[in-house]
Amino acid sequence: MNKMFNFWTDVMKLPTIGPMYAFSKDIGAYANDFINLGKIMAELKADMDSYWSLVNAAYIKAAKETAERAPKQLLSKDDFENYRRAAIEAFEDSFTALFASPEFSTVYGKLFSTQLDMSKAMQGIAEKNFKTLNLPTRSEVDEILKDVAELKRSVRELRKNAEMAKDDTRSATT
Amino acid sequence: MTQEALRPDQQKPANEQDKPSAQAAKPNAADEIQDAFRKLEKTRSILHSAGDIEVGQTPHEVLAETRTYKLLHYQQMVNKTAKTPILVVYALINRSYVLDLQQDKSWVKSLLSQGFDVYLIDWKTPTVADKYVSFDDYVNCYIDDCVDIVLKKNKVDKLTLHGYCMGASMSAMYTTLHQEKVRNLAVIAPVVDTEKDTTVIGNLAKNMDVNKMVDVIGNLPCEQLYACYSALKPFKQGVNKYFNLVQNIDNEQFVGNFLRIEKWLYDTPPIAGETFRQWISDIYQKNMLVKNELKLGNDVIDLSKIKVPLLNIVADEDHLVSPQCSAPLNDMVSSTDKRLMRFHTGHVGLIASLYSQNNVLPKVGQWLKARSQ
């Protein structure tokens, strides 16, 4: 009789090690992840707007200067050539000034950072799925890579010390 | 397109190529339009096979090869007149063949023809497994290994360390820690004082959240490097160069030069994550190299420890590493024999141009030769 009850107790436990139990257990965390992802996307949109507004301003400035510097009528091959030169000069000046400005650096840095936040949030969701399926996650692989790099450095140090000790012994004996 | 077609030395003269015959002295509009379309089509087809063009053709052997680097030893062209071998340390950005891009503009070939024994560290593409490879590994392990191999092969106790760009900064780091193996330090456009750097790259680096980038992405992807490159002279070089190519598409020499540089520009391996983190955070953002605070493992990089003869070569028009960023190295070292050479050219023009063959290399060779006996 006991044996039979134990069997059914084990059967009841089975889903707790399966993916469905794990998924249902983590449903709250998944919901939070998606809410967080939404927030990051809203932030990304704002950062994108700032970025494109700077690029747009530089474009308008360049287009205006092209119109001022370039020939008004395109009648000959030389006119086209002069137009091209004027446009290249104007766009170069405007966009180089933009890319070299502290404002662009700040906006670009912020946009890049938000894009990374989004990747991080998506990686978090993927990691959770991997854990649920009992597969190695990226952060676990990362830990191994870090250990390997440190081990290689330790081996290098040991090898160097061993070589130095060997040289010392050799010079002491001669 | 065949290999031959991409090699200017094996191409037919321009007048035998697929140019329309000059029917009239003054072409009409229809002819011009037709010619423009022909040039565009030829440009398109040439650009499609740009990657096939041959580079790095100076004969050499691979002296050592690991997962991270290949150590190349170039064949002597003339009798060796300089006793001290030169080890060229290339940057971790793009490929080392820019120093041997084509025969008439090869930095390496010029040094060989001046009687030097030349070795070069050709860095391989880092993989995901190299995320935690740092400057400590590059300087104290890989460069040190190569130095030992060169010293052993030449049966000498010192060599000339010759770095370019990021490789120049690594050479300076190496010299502070292993001075007993370095006779001369010759650097080209080293990144030293980043606070004085006026380039777009320096500006973008200052606000980059590099810690987050390395944590999330790992190695710096080549796409991110392309994004940075596209911000450098975006129209004069980024757009105008293609107009110039179309206009000069029947000039084999122009096309050959263009394709080699273009191949190099887009041959961009990723950069190991931890190395990139140090590069941006410690060197560009905190300017630790010039403050003598940069740490490689347990060692502090103190540039004032450098006492060997120093040659610092900078370009006035460098838009990747401004001369103001490179020049302070001469003020920081303790060497009594030091020289700063400035040339009126750009970052790549300094090493891979006719200007560099005629103006830079003879002076560099002269300086090195006087200190290589």
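In the text below, chain A, chain B and the rest are named by the order of the sequence lines, each starting its count at 1.
Heavy atoms of A205(B) lying under 4.5 Å from chain A are absent altogether. Looking at Y108(A), the atoms closer than 4.5 Å to chain B (heavy atoms on both sides) all sit in the side chain, from C-beta outward. Only the backbone of S101(A) comes within contact range of chain B, judged by heavy atoms closer than 4.5 Å. Only the side chain of E81(A) comes within contact range of chain B, judged by heavy atoms closer than 4.5 Å. Looking at S134(B), both its backbone and its side chain come within 4.5 Å of chain A, counting heavy atoms on both sides. In this structure, the portion of D215(B) lying under 4.5 Å from any heavy atom of chain A is its backbone and not its side chain.
Counting heavy-atom pairs closer than 4.5 Å to chain A, the top residue among I217(B), I201(B), V239(B), D130(B) is I217(B). For the set S113(A), A149(A), P102(A), the count of heavy-atom pairs under 4.5 angstrom toward chain B peaks at S113(A). In terms of non-hydrogen atom pairs under 4.5 Å with chain B, the most contact-rich of I144(A), V148(A), D117(A) is D117(A). Contacts with chain B were tallied for Q115(A), R138(A), E150(A); R138(A) has the most, counting heavy-atom pairs under 4.5 Å. Highest contact tally toward chain B, considering only G109(A), S139(A), S105(A), A87(A), is held by S105(A) [criterion: heavy-atom pairs under 4.5 Å].
Between the CG atom in N207(B) and the CG atom in L111(A) there is a gap of 12.5 Å [rounded to 0.5 Å]. The CD atom of E274(B) sits 12.0 Å away from atom CG of L145(A), with the distance rounded to the nearest 0.5 Å. Taking CZ of F235(B) as the reference point, atom CG of D93(A) lies at 11.0 Å (rounded to 0.5 Å). The CZ atom of F112(A) lies 5.5 Å from the CE atom of M213(B); values are rounded to the nearest 0.5 Å. Within the model, atoms CD of Q247(B) and CZ of R84(A) stand 5.0 Å from one another, a figure rounded to the nearest 0.5 Å. The SG atom of C141(B) sits 8.0 Å away from atom NZ of K152(A), with the distance rounded to the nearest 0.5 Å.
Crowding of K152(B) atom NZ: a count of heavy atoms from other residues, nucleotides or ligands under 6.0 Å not exceeding 12. Counting heavy atoms of neighbouring residues, nucleotides and ligands inside a 6.0 Å radius, atom NZ of K124(B) exceeds 12 of them. Heavy-atom neighbours of E195(B) CD from other residues, nucleotides or ligands within 6.0 Å: at or below the threshold of 12. Shown here is N134(A), whose CG atom has no more than 12 heavy atoms of other residues, nucleotides or ligands within 6.0 Å. Residue K128(A) places its NZ atom among more than 12 non-hydrogen atoms of other residues, nucleotides or ligands, all under 6.0 Å distant. A 6.0 Å sphere centred on CD of E180(B) holds more than 12 heavy atoms belonging to other residues, nucleotides or ligands. Within 6.0 Å of CZ in F34(A) there are 12 or fewer heavy atoms belonging to other residues, nucleotides or ligands. Crowding of F254(B) atom CZ: a count of heavy atoms from other residues, nucleotides or ligands under 6.0 Å exceeding 12.
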Inset, instruction - Any chance you could lay out the side chain to side chain donor-acceptor pair (under 3.5 Å) test for R85(A) and N240(B), step after step, and finish with the verdict? - result: CA-CA 9 Å; R85(A) 280 203 195 121; N240(B) 206 31; over 6 Å; no

Inset, instruction - Might you work through the side-chain contact (heavy atoms from CB on, under 4.5 Å) test for K233(B) and T96(A), ending with a clear yes or no? - result: CA-CA 7 Å; K233(B) 297 195 176 180; T96(A) 299; 5.7 Å; no

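Side-chain atoms of N203(B) come within 3.5 Å of backbone atoms of F99(A) as a donor-acceptor pair (strictly under, hydrogens ignored).
The pair R156(A)-D137(B) meets the salt-bridge criterion, since a charged nitrogen lies less than 4.0 angstrom from a carboxylate oxygen. Of the charged side-chain nitrogens involved, at least one lies within less than 4.0 Å of a carboxylate oxygen, so that K160(A) and D144(B) count as a salt-bridged pair.
In plain terms, the two heavy atoms of V216(B) and Q123(A) that are nearest each other are O-NE2, 2.9 Å. For the pair E92(A) and P234(B), the tightest heavy-atom approach, listed with the atom from each and the gap, is OE1-N, 3.6 Å.
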